[in-house]
Amino acid sequence: QVQLVESGGGSVQGGGSLRLSCKASTYSYNCMGWFRQAPGKERERVATIWSGDPAGTYYADSVKGRFTISQDKVKSTVYLQMNSLKPEDTAMYYCAAGSLTLYSCRYLPQSDDFGYWGQGTQVTVSS
């Protein structure tokens with residue numbers, strides 16, 4: 001069983017940047033991802049990465065060009081670099097891990113496919 005611990009959330013003004021980190025207790029899942037949930041809204045997939053490959057990534061349209069997901073296998077850590085933050089990015093951000101195919105991880109990541117979740121880290125962006 002893997003434990004995921006997120007960090008790096010906080011409050012920033014619009015246009016600012018934050019980097020979220022997710023430390024896994026073990027590296028044994030080929031798909032890692034970030035999801036977010038704002039109050040009153042459904043959980044939304046943000047970005048995923050398959051086996052640490054920068055070419056095997058998925059981004060939600062709302063974050064393309066602003067967010068970058070990366071993975072350091074040696075450190076068993078996944079990062080989400082968030083630039084040009086907007087107030088609509090305000091949410092609780094969750095790290096997730098699962099065993100998915102490349103196709104599913106890169107094109108159709110569904111929250112139900114991820115078996116392990118972190119406790120979440122809050123990101124608040126003010127206008």
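In this text the structure is predicted, and so the values were computed from the model without any measurement. Positions are given from 1, in the same order as the sequence printed here.
In the hydrophobic cluster analysis, where Ile, Leu, Val, Met, Phe, Trp and Tyr join through side-chain heavy atoms closer than 4.5 angstrom, Val46 is grouped apart from Tyr94. Trp50 and Ile69 fall into different hydrophobic clusters, defined by Ile, Leu, Val, Met, Phe, Trp and Tyr side-chain heavy atoms under 4.5 Å apart, directly or through other members. No continuous path of hydrophobic side-chain contacts links Leu20 to Met92 [ILVMFWY only; heavy atoms under 4.5 Å]. Cluster membership for Met32 and Val2, using ILVMFWY side-chain heavy atoms within less than 4.5 angstrom, is shared.
Phe35 and Phe114 have perpendicular rings, their planes meeting at more than 60° on a 0 to 90° scale where under 30° would count as parallel. Phe67 and Tyr93 have tilted rings, their planes meeting at an angle from 30° to 60° on a 0 to 90° scale.
Looking only at distances, no side-chain donor or acceptor of Lys86 sits under 3.5 Å from a matching main-chain atom of Val125. Remark: the backbone N or O of Val5 is not paired with any side-chain donor or acceptor of Gln119 at under 3.5 angstrom.
With a 4.5 Å cut-off on side-chain heavy atoms, Val123 and Met82 count as touching. Between Glu88 and Ser62, the closest side-chain pair of non-hydrogen atoms is not below 4.5 Å.
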message: Evaluate Arg36 against Val63 for side-chain contact (heavy atoms from CB on, under 4.5 Å), listing each step before the verdict.
response: CA-CA 12 Å; Arg36 67 186 180 187; Val63 307; 4.0 Å; yes
- request: Go through Cys95 and Trp117 one step at a time and tell me if the side-chain contact (heavy atoms from CB on, under 4.5 Å) criterion holds.
  value: CA-CA 6 Å; Cys95 177; Trp117 294 83; over 6 Å; no
task: List the steps, then state whether side-chain contact (heavy atoms from CB on, under 4.5 Å) holds for Asp53 with Leu102.
output: CA-CA 10 Å; Asp53 185 356; Leu102 169 60; over 6 Å; no
- request: Decide yes or no on side-chain contact (heavy atoms from CB on, under 4.5 Å) for Tyr79 and Gln81, but give the supporting numbers first.
  value: CA-CA 6 Å; Tyr79 304 96; Gln81 178 66 45; over 6 Å; no
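The minimum heavy-atom distance linking Ser126 with Pro87 is given by the pair C-CG, 4.3 Å. Pairing each heavy atom of Ser21 with each of Trp34, the nearest pair is O-CH2, 3.6 Å. The nearest pair of heavy atoms linking Thr48 to Pro109 is CG2-CB, 3.7 Å. Closest approach of Ile49 and Ser70 over heavy atoms only: CD1-CA, 4.0 Å. Considering every non-hydrogen atom in both Arg43 and Ser111, the closest pair reads CD-CB, 4.3 Å.
Considering CZ of Arg106 and OG of Ser51, their distance stands at 13.0 Å, rounded to 0.5 Å. In this structure, OG1 on Thr124 lies 11.0 Å from CG on Asp89, to the nearest 0.5 angstrom.
Take Tyr58 and apply the side-chain hydrogen bond (donor to acceptor under 3.5 Å, both in side chains) test, not counting sequence neighbours, and it matches Arg45.
Each of Thr57, Asp113, Leu100, Asn30 was evaluated against Cys105; a single residue qualifies, Leu100, per the side chain to side chain contact (heavy atoms under 4.5 Å, CB included) test.
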Side-chain donor-acceptor pairs of residues 9-19 under 3.5 Å, sequence neighbours excluded:
residue	atom	partner	partner atom	Å
Ser17	OG	Asn83	OD1	2.9

